[in-house]
Structure formats: C-alpha cells, structure tokens
Engineer: 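My structure is below; once you've seen it, I'll send some questions.
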Amino acid sequence: MAYLEMRSAVEGRTIEASSFGDTIVVRPGASKATVLEEFLHTTQSKLGLIVKGRFYNPAEGDLMNWMERHRDLLGLKPQMVTPQ
C-alpha cells in the first residue's frame, strides 16, 4: 500500500493498482478493470512484450485498446475501459 501512496503522490492521481514482475499490488476497492489490466500486464511481461526502463511503454496503450475491443469477453461496461 505504501508503494501505491507514493506513486499516487508523485503522479498526482490515485493509483488503484500496480504490477512489477509476478507481483500485483491492489488498493482495496480497486475496479475489476484495474485488476484485469494489471493481471494482463504481468502476462505481457512474461511474454517479453513490456520494454523495461522506458518512460513511455507502448504496451500500456496496446493493452487498453485490446481491453476495449474485448470488453464483452472480459465482462466490462464501456465506461470501465478507456482506449488510448
């Protein structure tokens, strides 16, 4: 939780969850879309699709677009996913 508080302060917005490697840190009450996103980021990492050490990671936008296209499969409402 302390990590999420620190990231929230640095980024100036509330961070509901974050993943690094096989670890996912989730704030209580995080949305289903957020938890799914972080789970899918761990999958991207395992597949070597995440470029580490870069400020902008194209995998973030790719994942959000994928989640938007497959929101029915994931059981998400349109407002739960914001494509990039």
Side-chain angles (χ1 to χ4, degrees):
M1 261 322 249
Y3 174 76
L4 294 178
E5 294 299 332
M6 185 264 317
R7 281 224 21 227
S8 294
V10 169
E11 295 189 24
R13 61 186 178 92
T14 300
I15 304 295
E16 288 189 304
S18 187
S19 59
F20 29 92
D22 290 341
T23 303
I24 301 174
V25 180
V26 181
R27 186 182 299 274
S31 69
K32 177 181 179 178
T34 297
V35 174
L36 281 169
E37 178 186 358
E38 295 308 324
F39 171 76
L40 293 169
H41 278 315
T42 61
T43 302
Q44 285 178 313
S45 179
K46 289 177 184 178
L47 295 173
L49 300 175
I50 292 183
V51 181
K52 295 181 181 177
R54 291 181 57 186
F55 179 73
Y56 170 73
N57 190 338
E60 184 74 33
D62 292 345
L63 180 61
M64 293 308 293
N65 290 330
W66 185 88
M67 288 178 70
E68 169 63 23
R69 286 192 316 270
H70 297 90
R71 71 174 183 258
D72 291 337
L73 173 73
L74 298 170
L76 302 174
K77 296 177 183 167
Q79 65 272 23
M80 295 173 81
V81 182
T82 307
Q84 297 190 356

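Worth saying up front: this structure is predicted, and the values here are computed from it rather than measured. Numbers here simply count residues along the sequence, with the first being 1. No hydrogens, no waters, no symmetry mates; every other heavy atom, side chains included, goes into these values.
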Engineer: With sequence neighbours left out, what residues match Thr42 under side-chain contact (heavy atoms from CB on, under 4.5 Å)?
Structural biologist: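 For Thr42, the residues satisfying side-chain contact (heavy atoms from CB on, under 4.5 Å) (neighbours in sequence not counted) are Ser19, Ile24, Phe39.
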Engineer: Kindly write out the residues that satisfy side chain to side chain donor-acceptor pair (under 3.5 Å) with Ser18, not counting sequence neighbours, or none if the list is empty.
Structural biologist: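 For Ser18, the residues satisfying side chain to side chain donor-acceptor pair (under 3.5 Å) (neighbours in sequence not counted) are Arg7.
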Engineer: Less than 4.5 Å apart, any side-chain heavy atom of Leu36 and any of Leu76?
Structural biologist: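 Yes - at least one pair of side-chain heavy atoms lies under 4.5 Å apart.
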Engineer: Only pairs at least two apart or in different chains count here, so list each salt bridge (charged side-chain N to carboxylate O under 4.0 Å, His left out) that has a residue in residues 13-22.
Structural biologist: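 For residues 13-22: Glu11-Arg13, Asp22-Lys46.
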Engineer: Just by distance, no angles: are the side chains of His41 and Gln44 close enough, under 3.5 Å, to form a donor-acceptor pair?
Structural biologist: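 The criterion, which ignores hydrogens and geometry beyond distance, is satisfied for Gln44 and His41.
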Engineer: Salt bridge or not for Arg27 and Glu5, using N-O below 4.0 Å?
Structural biologist: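 Yes.
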Engineer: Output the distance between atom CG (Asp72) and atom NE2 (His70), rounded to the nearest 0.5 Å.
Structural biologist: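 If we round to the nearest 0.5 Å, Asp72:CG and His70:NE2 are 10.0 Å apart.
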Engineer: Determine the minimum heavy-atom distance between Lys32 and Gly75, stating which atoms define it.
Structural biologist: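 Where Lys32 meets Gly75 most closely, the heavy atoms are NZ-O, 3.5 Å.
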Engineer: With rounding to the nearest 0.5 angstrom, report the CG to CD distance, Leu74 to Glu37.
Structural biologist: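 If we round to the nearest 0.5 Å, Leu74:CG and Glu37:CD are 11.5 Å apart.
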Engineer: Residues two or more places apart in sequence or in another chain: which of them pass side-chain contact (heavy atoms from CB on, under 4.5 Å) with Leu40?
Structural biologist: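 So Leu40 forms a side-chain contact (heavy atoms from CB on, under 4.5 Å) with Leu63, Trp66, Met67.
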